[in-house]
Amino acid sequence: MPTRTIALVMMPPVYPKMPPLGLGYLQAYVEAHGMSADIIDVNNAWYRCVSEGLKKEWLRSSNIHFENTLGGRIKREYGREYSFVHERLAAYGVIGFSCFKSNLQTTCDFISDLRQRHKQVKIVLGGPEITRQSLKHKGRIPVFLRRVADFFVVGEGERAFLEYLEGREDSSRVIAYRQLRSLKSIPFPRYRGITMCSYPHHNAIALLASRGCVRYCAFCSERLLHKGFCTRSVEGIIDEIHYHRQTNQISSFVFYDSLLNGDIRFLEQLCDALIRSFGGVNWEAQIAVRTDMPQRLFDKMKKSGCYNLFVGLESGSDRTLERMRKGFASAQAEAFFKQLHASGLSFGISIIVGFPRETEADFRQTLDFIIKHKDLIPKIEQVNPYVYYDGTPVEPRADYRMNKRALERFNSFISAMKSQRIRYTNAFVGNLIDKDGHL
Ligand code: B12
Ligand code: SF4
């Protein structure tokens, strides 16, 4: 098996502005175990060659028609670039594809094309969409995927992919949730072979300080990707930042963690180390509302270089927050925002309207909360009607596509933000709404 050459591929469309973090981790892990794997970021290569109009479409999320037809379009309109990737991939013995909902169609179509010429190639599929498909089909991988690929990884990829490469796969053709026992000494992504300056955000890079989550929010599919919660070592993260500052002149670091404050002792150690090692670096992250963070920790976050935070408030109604299992009440969120504010930290919040059994009064309370605190909350980062995700404990029928009221409330929310002159991020308003209205 080790004689086979390995490629790790990201097909489009996914977010194209920074190198793919998941594939960076897989490459680093496989290489630490004595094998070599090349990352082929087709998403980035094709994004760079298309027209400005197509680039704009690429960045609009939940754009299902665009997602499902992009591969065919590239093949027709950018034939040279398509063939170039085809030729390049035909040289590999094992190809692992990273699957998201947005790139699944392009990935499957491309593999079918590749197999026509390259019958011996072994195809492995992993990534969040494979996990979602498995959750949707109660632990099974659906037939349309089984026809396309040889092997599937559900959940974290490092150990599972290595087991496959070492020939330890079994007849089920699936490895699920084979998680690393510890992240403490995991090798960090160096993206060998990738030209960092080919990315639009060439001075920024994604980091991961932890995996999983400590909360159980009812609507959330993110916590289903990884069982439990664990952190890396602070030293490992500092080494990674040193490496990318020196080797790739990276000056901004975007934490892709589900939440950076899952373990507040760890967060404090991280901030201390960032201050000690660099006098601070530019960083941003998602965090959850917590009642146990001392003010000095917010101060350290600011001092260590935090320039933006994303906080999931989701509702201003205590009944809805409780049904969402957010783990806090609106008064606690208010106190938390005051702490952020007092340390001079910039942040944005997200809101879900039309969550199951949200009454008109609950919805009003959310609006009132936002309006009352418009000077405290710097911006609304994301607003969406409730979207059902496979594997979550909420009724699928509550999804906004079957709940007219959720869309009505979404529209009233936007009108209120406009009339009250509340700042919001356009790109994430309604970003989970299908652009074609498909299920
Ligand atoms: C940061 C982030 C973003 C960023 C950047 C996204 C990007 N593509 O780089 C931004 C804010 C732009 C974003 C936007 C969106 N996001 Co987002 N995002 C994330 C987040 C929080 C982290 C992603 C990450 O890098 N994780 C860390 C890496 C290490 O994990 P990973 O990529 O999953 O890789 C591991 C495994 O999956 C596996 N693996 C991955 N690939 C492969 C391949 C092989 C061969 C193998 C064996 C294993 C394997 O091994 C890896 C290492 O263990 C995740 C949730 C999460 N916690 O992961 C959501 C997540 C990826 N996002 C999601 C969604 C839905 C979106 C949006 C569509 C939302 C929207 N409508 O706006 C957009 C789409 C943007 C796009 N077209 O890509 C979903 C995707 C669900 C799905 N089934 O595809 C996720 C999973 C959250 C969720 N709802 O569950 N997102
Ligand atoms: S805190 Fe965030 S990632 Fe964790 S369960 Fe809640 S919504 Fe999901």
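Numbering of ligands and ligand atoms starts at 1, following listing order. What you see is a predicted model, and the numbers here were worked out from it, not measured in a lab. Below, each value reflects all heavy atoms present in this structure, side chains not excepted, and no hydrogens, waters or symmetry copies. In this chain, numbering begins with 1 at the start of the sequence shown.
Judged purely by atom type and a 3.5 angstrom limit, Ser51 uses its side chain to pair as donor or acceptor with the backbone of Leu54. Without hydrogens or angle criteria, Asp257 side chain to Leu260 main chain gives no donor-acceptor distance under 3.5 Å. A donor-acceptor distance shorter than 3.5 angstrom exists from the side chain of Thr106 to the backbone of Pro12, with no hydrogens or angles considered. A donor-acceptor pair under 3.5 Å is absent between the side-chain atoms of Glu314 and the main chain of Leu321, judged by distance alone. Between the side chain of Thr320 and the main chain of Asp362, no donor-acceptor pair closer than 3.5 Å is present. In this structure, Arg423 contributes its side chain and Ile380 its backbone to no donor-acceptor pair below 3.5 Å.
Ligand 1 lies within reach of Arg211, whose nearest heavy atom is under 4.0 Å from it. Remark: distances from the non-hydrogen atoms of Ser258 to ligand 1 include one below 4.0 Å.
Those atoms of ligand 2 that come under 4.0 Å of a heavy atom in Ser258, given as number and element, are 3 (S). Close approach of ligand 1 to Glu156 is summarised as follows: ligand atoms under 4.0 Å from at least one heavy atom of the residue are 53 (O). In the vicinity of Val14, heavy-atom distances shorter than 4.0 Å reach the ligand 1 atoms 76 (C), 77 (N), 78 (O).
Here the heavy atom of the protein found nearest to atom 1 (S) of ligand 2 is Cys213 SG, 3.6 Å. Of the protein's heavy atoms, Phe428 CZ, 4.4 Å lies nearest to atom 11 (C) of ligand 1. Looking only at heavy atoms of the protein, atom 50 (O) of ligand 1 is closest to Gly157 N, 3.0 Å. The protein heavy-atom contact nearest to atom 45 (C) of ligand 1 is Gly96 CA, 3.4 Å. Looking only at protein heavy atoms, the nearest one to atom 47 (C) of ligand 1 is Val153 CG2, 3.6 Å. In this structure, the protein non-hydrogen atom closest to atom 36 (C) of ligand 1 is Gly155 O, 3.7 Å. Taking atom 65 (C) of ligand 1 as the reference point, the nearest protein heavy-atom neighbour is Tyr389 OH, 4.5 Å. Closest to atom 88 (C) of ligand 1, if we only count protein heavy atoms, is Ser221 OG, 3.2 Å. The protein heavy-atom contact nearest to atom 69 (C) of ligand 1 is Leu432 CD2, 3.6 Å.
Among Ala7, Ala37, Pro128, the residue whose heavy atom lies nearest to atom 81 (C) of ligand 1 is Pro128. In this comparison of Asp257, Leu208, Ile433, the heavy atom closest to atom 27 (C) of ligand 1 sits on Leu208. The option from Gly127, Pro12, Pro13, Gly22 that lies nearest to atom 37 (O) of ligand 1, judged by heavy atoms, is Gly127. Across Phe97, Tyr256, Tyr15, heavy-atom proximity to atom 25 (O) of ligand 1 is greatest for Tyr256. Here atom 44 (C) of ligand 1 lies nearest to Leu26 when heavy atoms of Val124, Leu183, Leu26 are compared. For the residues Glu158, Gln133, Arg178, the heavy atom positioned nearest atom 52 (C) of ligand 1 is part of Glu158.
Within a 6.0 Å sphere centred on OH of Tyr243, other residues, nucleotides and ligands contribute more than 12 heavy atoms. Taking a 6.0 Å sphere around CD of Gln249, one finds it holds more than 12 heavy atoms contributed by other residues, nucleotides or ligands. Within a 6.0 Å radius of CZ in Arg140, other residues, nucleotides and ligands contribute 12 heavy atoms or fewer.
When distances from atom 90 (O) of ligand 1 to the protein are checked, a heavy atom turns up under 4.0 Å. There is no protein heavy atom closer than 4.0 angstrom to atom 14 (C) of ligand 1. In this structure, atom 85 (C) of ligand 1 is not in close contact with the protein, since no protein heavy atom lies within 4.0 Å of it. For atom 1 (C) of ligand 1, a protein non-hydrogen atom is found at a distance below 4.0 Å. Protein heavy atoms all stay at least 4.0 Å away from atom 19 (C) of ligand 1. Put simply, atom 34 (O) of ligand 1 has protein non-hydrogen atoms near it, under 4.0 Å away. Inside a 4.0 Å radius of atom 7 (C) of ligand 1 there is at least one protein heavy atom. Atom 62 (N) of ligand 1 is never approached by the protein to below 4.0 angstrom, counting heavy atoms only. The presence of a protein heavy atom under 4.0 Å from atom 5 (S) of ligand 2 is confirmed.
The shortest N or O to N or O distance between Ser98 and ligand 1 is below 3.5 Å. Of the N or O atoms in Gln382, none lie within a sub-3.5 Å distance of an N or O in ligand 1.
Stacking of Arg405 on the aromatic ring of Phe363 is not recorded, the 6.0 Å distance cut-off and the 45° axial limit not both being met. Cation-pi geometry between Arg190 and Phe188 is satisfied (NZ or CZ under 6.0 Å from the ring centre, within 45° of the ring normal). For the pair Lys227 and Tyr177, the cation sits on the ring face: its NZ or CZ lies under 6.0 Å from the ring centre, inside 45° of the axis. Cation-pi check for Lys55 over Tyr47 is met; the charged atom lies under 6.0 angstrom from the ring centroid and within 45 degrees of its normal.
Residue contacts with ligand 2 for Cys217 involve both N, CA, C or O and side-chain atoms from C-beta outward (heavy atoms, distance under 4.0 Å). The proximity of Leu225 to ligand 1, defined as any non-hydrogen pair under 4.0 Å, is limited to the side chain.
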Report task. Could you walk me through whether Arg60 and Glu67 pass the salt bridge (Lys or Arg N to Asp or Glu O under 4.0 Å) test, one step at a time? Result -> CA-CA 10 Å; Arg60 286 175 83 209; Glu67 290 162 5; over 6 Å; no

Requested in this report: Start with the C-alpha gap between Asp38 and Arg192, add the side-chain angles, then the distance that decides, and say whether salt bridge (Lys or Arg N to Asp or Glu O under 4.0 Å) holds.
Outcome: CA-CA 8 Å; Asp38 295 336; Arg192 186 191 50 73; 3.2 Å; yes

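Ring orientation note: the planes of Tyr29 and His33 are tilted relative to one another, at an angle of 30° to 60°. Between Phe337 and Phe347, the two ring planes are parallel [angle under 30°; tilted spans 30° to 60°].
The existence of a salt bridge linking Arg265 and Glu268 is excluded, since no basic side-chain nitrogen approaches an acidic carboxylate oxygen closer than 4.0 Å.
Of the options Tyr78, Trp58, Tyr82, a ring-ring contact (aromatic ring centres under 6.0 Å, His included) to Trp46 is made by Tyr82 and by none of the others.
None of the N, O or S atoms belonging to Cys220 lies under 2.8 Å away from atom 4 (Fe) of ligand 2.
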